[in-house]
2 protein chains.
Amino acid sequence: MAVMQREYGRRTLLRQIRHAGRIPRIELSDLTGISRATVTTITAELLSHGLIEEVQRDEAGPDSRRGRPRVDLKIRGAAHLVAGVKVSHHKLSLVLLDFEGEQLAAEECDLPAPVNAPEVLAEAIRDAVSHLATVAGRRADEVSGVGIGIAGIVEATDGFVHWSPSLSTRNVDFGALLTRTLGTPCFIDNDANLVAVAEQTFGLGREHKDFLVVTIESGVGLGMVIGGALYRGTRGCGAEFGHTKVQLNGALCRCGQRGCLEAYVADYALLREATLVSGLSAEGDAGTRVETLLNAARTGDATARSILDRAGQIFAMGLANLVNIFDPELIILAGEQMQLDHLYADAVIDAMRKSIVQVDKAPPEVVVHKWGDLMWARGAAAYALEQVSELALDRLDKDAA
Amino acid sequence: MAVMQREYGRRTLLRQIRHAGRIPRIELSDLTGISRATVTTITAELLSHGLIEEVQRDEAGPDSRRGRPRVDLKIRGAAHLVAGVKVSHHKLSLVLLDFEGEQLAAEECDLPAPVNAPEVLAEAIRDAVSHLATVAGRRADEVSGVGIGIAGIVEATDGFVHWSPSLSTRNVDFGALLTRTLGTPCFIDNDANLVAVAEQTFGLGREHKDFLVVTIESGVGLGMVIGGALYRGTRGCGAEFGHTKVQLNGALCRCGQRGCLEAYVADYALLREATLVSGLSAEGDAGTRVETLLNAARTGDATARSILDRAGQIFAMGLANLVNIFDPELIILAGEQMQLDHLYADAVIDAMRKSIVQVDKAPPEVVVHKWGDLMWARGAAAYALEQVSELALDRLDKDAA
DNA sequence: TCATTTTAATTTGAATGTCAAATTAAATAA
DNA sequence: TTATTTAATTTGACATTCAAATTAAAATGA
């Protein structure tokens, strides 16, 4: 138990240093309540193990004071290398980060098929990570951990994939398979969860303990950070925001049920209506067809406008329900597709504001954060970073004992 | 920091003892990972301060083994007295518990009006608590803390009431007012939250870390326990489940918005439809009119059945949304009114099961827990118990330092 | 230029705490 | 009665934290 205390101190300080970026010991002491003496002891230990490093303060200017200058500590980038992989329909998106979170390389590569056997996908990921390392002038075996984000129902704690649209088989112990195939620890989670981790680590959620991330791709996802920790639910299928019901006996959804939010706001839902009502061609790929619909709306086509407007209203209603249930500080709308601008419209956010329970306090902040597949990959990498840190600290704990 | 460790141990052990009811030291050591030596030290301290006591094991029978017998520890009921108060429309419901959670007395008393000035309500609560103590053969000043559950928007951490249907004034520092008026620490929270605390302390949630409690009175409430702790949201108005939207531009709700769940399942919503469509009298009190409606449905009145069926379907949809977002282990439906049986019907639960995302694992358990206002009061008392324990431990921490 | 002042970081030594191992306590079994 | 078994306590070693003292490294001022 005495040793537990030290373990706690190590974790607290390393997390604080990571969060701050650069921070002197004295501030660490103030922020964590750990005494200066102990901060000195623990940081010395972290330094000697190469997890952190000292950097000279570049306080060239007004904030230079007298007295012994503070010496900043930061995560030592060279300590570890991690990769993040986002599995999409047709491709893999990858990033390589150093231990500090600095991006060393980024790549995309095609998959043989949208749905693959677990072994095939694992090998594709292995090769892609290997290539990624080479591009950055590193060897694949230098990578300390790989985070993988995949759509579907994932038990993150043990890396078990109950189901994924990217895999041909259900109930795969995919985390273990990946770890075996790549020869380095692999950590897998639902992709929406990883966007939440990315926002918490690198993005807009850094200063918040409770926030929600709503992701919009072809489906609608949700990641929840509650009390500073990602909440994953108990069956690994929490946060199925896209399949919350917004209409009794409503529109048919991909999932087979009726009235799902997704069945009103996803691209296929828009196209279904457009094809039915207006003369929009049923041919061509989804992306260009949605583009056509959006252009029609912009140029004043009433039918197109009506279709998009309803999608926006339904989306606002879904968001309002999240606020009514969670009362979060912040909601981040994350997605890349410009074609989803109608969901980010001010009118939508306003509609949401009008549908939440009114109190004297300000409603939660809603921000739009546009990013592409590479940012999803960064989320996966952030998760790997977290896990690799934990492994490194475990090793340190053992060394000390 | 060294002392922090002991503080942690004290809290962990006291909580464990409370949770277990009766438990020998050796099991405490196994369960908490704290060594036997330390368990001995800390429990000796708790014993000497009168917070716990030893009881002889009544293992009259097969489980008697050789060796020195285990000695059970339990919370010492006589250590403290707490009261719990639930504020309803026309009355107060109160319970008096000892520190062990044993009920010593219970009462109900009328309020001067459904809506009262804060001072008036505070004095009514003071008098009621005082009377309650007298009934139990105790003095009011023996009560170490009082928990109060009230409908509305409450900032539990500082006892601030933004708004409550039971108070004539908005933005009242009601917790402080109560503490001043009663002369003993008072703790106030939203009533639905306190039902969740009651379930966690005394009820069906005792073995679960993540569960939801849906309360049905005239409105619909929600309490969330996430990671073993009550989640309250950031503006003190989390969990407004009754005002989640289930229909775009739907029925008008008491809150002024449209499409709220409450506007379909609350008693006033049922009556609105019944009065409109069938010949149900608009006269009389809500309770008896709902009773009439229910009887009509039971005797085969198609209109009445249709009204209740839709309420059930909408309610199922709301529940399914909770499951889709939270993926909890357990959902407890708590309410007393028999008139709400149609919401508890198997058909409703089945409809919910069909509307959640299907995975290989079993859907969350849904249980119905019927209880009356006194159980709400027990929730308030459980909250007081938690807070009084904390105060007692704080004192112990200081004594030791 | 060099002593003084100021602030940061480290070292020191006392106090606190945890825990494994040894011991004591209290029962049953032989 | 004695041996055995199991629970609880005591003991002594070791780990850890922290306040206070000390050292380090800068700016300021004479």
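Residue numbers begin at 1 in each chain, while the letters A, B, ... track the order of the sequences. The analysis underlying the following values was restricted to heavy atoms, covering all of them including side chains, and did not include hydrogens, waters or symmetry mates.
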Set of side-chain hydrogen bond (donor to acceptor under 3.5 Å, both in side chains) partners for A:S35, sequence neighbours left out: A:T38
A:E53 with A:K74: basic N within carboxylate O range, under 4.0 Å: yes
Residues that A:A384 engages under side-chain contact (heavy atoms from CB on, under 4.5 Å), provided they are two or more places apart: A:V82, A:F187
Show me the protein contacts with nucleotides 12-14 of chain C, counting only N or O atoms at under 3.5 Å.
none

Spacing of A:L13 atom CG relative to D:dT17 atom P, expressed in whole Å: 10 Å
d(CD, A:E54; P, D:dA24) in whole Å: 15 Å
Electrostatic pair A:D397-A:R6, nearest N-O below 4.0 angstrom: no
side-chain contact (heavy atoms from CB on, under 4.5 Å) against A:A106, all qualifying residues, sequence neighbours excluded: A:V95, A:Q103, A:L374
B:Q56 CD - D:dA8 P separation (whole Å): 11 Å
Where do N or O atoms of nucleotides 3-7 of chain D meet protein N or O atoms at under 3.5 Å, pair by pair?
from, atom 1, to, atom 2, distance (Å)
D:dT4, O2, B:R66, NH2, 3.1
D:dT5, O4', B:R66, NE, 3.4
D:dT5, O2, B:G67, N, 3.3
D:dT6, O2, B:R68, N, 2.6
D:dA7, OP1, B:R70, NE, 2.5
D:dA7, OP1, B:R70, NH2, 2.5
D:dA7, O4', B:R68, O, 3.1
D:dA7, N3, B:R68, NH1, 3.3

Spacing of B:Q5 atom CD relative to C:dA15 atom C1', expressed in whole Å: 13 Å
Distance in angstrom units between B:L28 CG and C:dC19 P, rounded: 14 Å
Side-chain N,O (A:S35) to OP1/OP2 (D:dT17) below 4.0 Å: no
B:T38 vs C:dC19: side-chain N/O to OP1/OP2 distance below 4.0 Å: yes
For atom CD of B:E45 and atom P of D:dT10, their distance in whole Å: 14 Å
Between C1' of C:dT16 and CD1 of B:I42, the distance in whole Å: 13 Å
Partner residues of A:K209 under the side-chain contact (heavy atoms from CB on, under 4.5 Å) criterion, sequence neighbours left out: none
Rounded distance in Å - CZ (B:R6) to P (C:dC19): 10 Å
Hey, can you pull the donor-acceptor pairs under 3.5 Å for the side chains in residues 13-21 of chain B, sequence neighbours left out?
from, atom 1, to, atom 2, distance (Å)
B:R18, NH1, B:S389, OG, 2.8
B:R18, NH2, B:F99, O, 2.0
B:H19, NE2, B:R206, O, 3.1

B:R180: side-chain hydrogen bond (donor to acceptor under 3.5 Å, both in side chains) partners, not counting sequence neighbours: none
side-chain contact (heavy atoms from CB on, under 4.5 Å) involving B:R36 - partner list, sequence neighbours excluded: B:I26, B:S29
